[in-house]
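Report on the following structure.
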Amino acid sequence: MEITKAEYLISSPNVELCPKPDRPEYAFIGRSNVGKSSLINMITGQSKLAKTSNSPGKTQMINHFMINKAFYFVDLPGYGFAKVSQSQRAKWEKMISNYLQQRDNLMTVFVLIDSRHEPQNLDLEFLRKLGAWGIPFNIIFTKADKVTQREASKNAKWFIEAMKKEWEYIPRAFMTSAIKFLGRKDILSFIEETNETFTMPEKE
Ligand SMILES: Nc1nc2c(ncn2[C@@H]2O[C@H](COP(=O)(O)OP(=O)(O)O)[C@@H](O)[C@H]2O)c(=O)[nH]1
Ligand SMILES: [Mg+2]
C-alpha cells in the first residue's frame, strides 16, 4: 500500500465530537516527545501534516487525519510530561480512556517507545491500563537513528522481555526512525492487512 492522500481533518476535545466511526482507525500514543507526530508525518510522507515540537505537553486534543479517504490516523496527546498539573493529568486520563474504550472503529493503538532507553515504568504502566481496558495494541520503537542499531535492538528486546513477565499476548513490534524512513513499509503492510478485518460499527 502507498499513501496517496493524507489530510488533517479535525481536533476534538472528546470522543463524542470525533468524526463518524465509518472507517478503520489507528491511534498513536506514547510519552510526550517520543515522536508521535514525526512518525505520522514519516508514514504519510508529509513532513508538515502533524505538528511536531520541541516543547512537549501542548496538544490536548484528539487529532484526526484522513488517509487515502480510506482510514483514519489519530495523533493523541502524550503522557508523562512533568510540567502538567494533577487536574490536567486527570483530564487527560479521562479523555484518553473514554476515547480508547468508546471508539468503535479503533483497530489498534500504536504505543510508541523511545528506542534509546531501557524499559521505563511509565510506559509499562500505560500498557497495564490498556490491558485493563481491553484495548488491542502494538509497539513502535522510535528514534532508532539516535543510537547504534545494536543499542536500539537491545532496548527493544529488553522492553519485550519486561512485557513477557506480565502478558501472555505479545504484540507486534516495529523499529522506526522518522529521519531515515525506517519501518514505514512494515507498518503500512500491517495497516493494509488490518484494514481488511474492519466491519462497520452498528448504529446505536
Ligand atoms: N533523530 C530523530 N529525531 C526524532 C525522531 N522522531 C522525532 N524526533 C524529534 O523528537 C522531537 C519530538 O518529536 P514529536 O514528533 O513532536 O513528538 P511527540 O510529542 O510524540 O509528537 C522533535 O524534535 C523531533 O524532531 C526520529 O526518528 N529521529
Ligand atoms: Mg505531537
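Every number for a ligand or one of its atoms is a count from 1 in the order of the listing. Just so it is clear, the model here is predicted, and its values are computed rather than measured. All values below come from the heavy atoms of this structure, side chains included, with hydrogens, waters and symmetry mates left out.
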Just jot down the ligand 1 atoms closer than 4.0 angstrom to any heavy atom of [X], in number order.
{"X": "Lys146", "value": "1 (N), 2 (C), 3 (N)"}
{"X": "Ile179", "value": "1 (N), 2 (C), 26 (C), 27 (O), 28 (N)"}
{"X": "Lys36", "value": "15 (O), 17 (O), 18 (P), 19 (O), 20 (O), 21 (O)"}

Discussion item. Check contact between Asp145 and ligand 1, using heavy atoms of the residue and a distance below 4.0 angstrom.
Written reply: yes
Discussion item. So for Gly30, does at least one of its heavy atoms come nearer than 4.0 angstrom to any atom of ligand 1?
Written reply: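 Contact check Gly30 vs ligand 1: negative.
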Worksheet entry | Residue pair Glu7, Lys69: steps toward the salt bridge (Lys or Arg N to Asp or Glu O under 4.0 Å) verdict | CA-CA 9 Å; Glu7 54 199 328; Lys69 300 255 177 219; 3.4 Å; yes
Practice prompt. On the 0 to 90° scale, with breaks at 30° and 60°, tag the Tyr26-Phe110 ring pair as parallel, tilted or perpendicular.
Written response: parallel
Worksheet item: Looking at the Mg ion (ligand 2), is one of the N, O or S atoms of Ser38 less than 2.8 Å from it?
Response: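 Under 2.8 Å: Ser38 has no N, O or S contact with the Mg ion (ligand 2).
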Practice prompt. Sequence neighbours left out, what passes side-chain hydrogen bond (donor to acceptor under 3.5 Å, both in side chains) with Gln149? Give chain and number order.
Written response: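 With sequence neighbours excluded, Gln149 shows a side-chain hydrogen bond (donor to acceptor under 3.5 Å, both in side chains) to no residue whatsoever.
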Discussion item. Taking atom NZ as the centre, does Lys94 end up with more than 12 heavy-atom neighbours from other residues, nucleotides or ligands that are less than 6.0 angstrom away?
Written reply: no
Discussion item. Heavy-atom count check: over 12 atoms from other residues, nucleotides or ligands less than 6.0 Å from Gln86 CD?
Written reply: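 No, not enclosed.
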Practice prompt. Closest by any non-hydrogen atom to atom 17 (O) of ligand 1: pick that one out of Ala50, Ser32, Ala144, Gly35.
Written response: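 Going through Ala50, Ser32, Ala144, Gly35 one by one, Gly35 has the nearest heavy atom to atom 17 (O) of ligand 1.
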Ligand 1 to [X] polar contact by distance, N or O atoms, under 3.5 Å:
{"X": "Val34", "result": "yes"}
{"X": "Lys143", "result": "yes"}
{"X": "Ser38", "result": "yes"}
{"X": "Ala178", "result": "yes"}
{"X": "Ser37", "result": "yes"}

Discussion item. Could you work out, with side-chain contact (heavy atoms from CB on, under 4.5 Å) as the rule, every residue matching Arg128, not counting sequence neighbours?
Written reply: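 By the side-chain contact (heavy atoms from CB on, under 4.5 Å) rule, Arg128 matches Leu124, Glu125, Glu166.
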Worksheet entry | Donor + acceptor pair across side chains of Arg31, Asn33 (<3.5 Å) |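 Their side chains do not contain a donor-acceptor pair, so the 3.5 Å distance test is not met.
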Discussion item. With a 3.5 Å distance limit and no angle check, can you tell me whether Thr142 reaches the backbone of Leu112 through a side-chain donor-acceptor pair?
Written reply: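 No, the answer is negative, given that no donor and acceptor are paired below the 3.5 Å cut-off.
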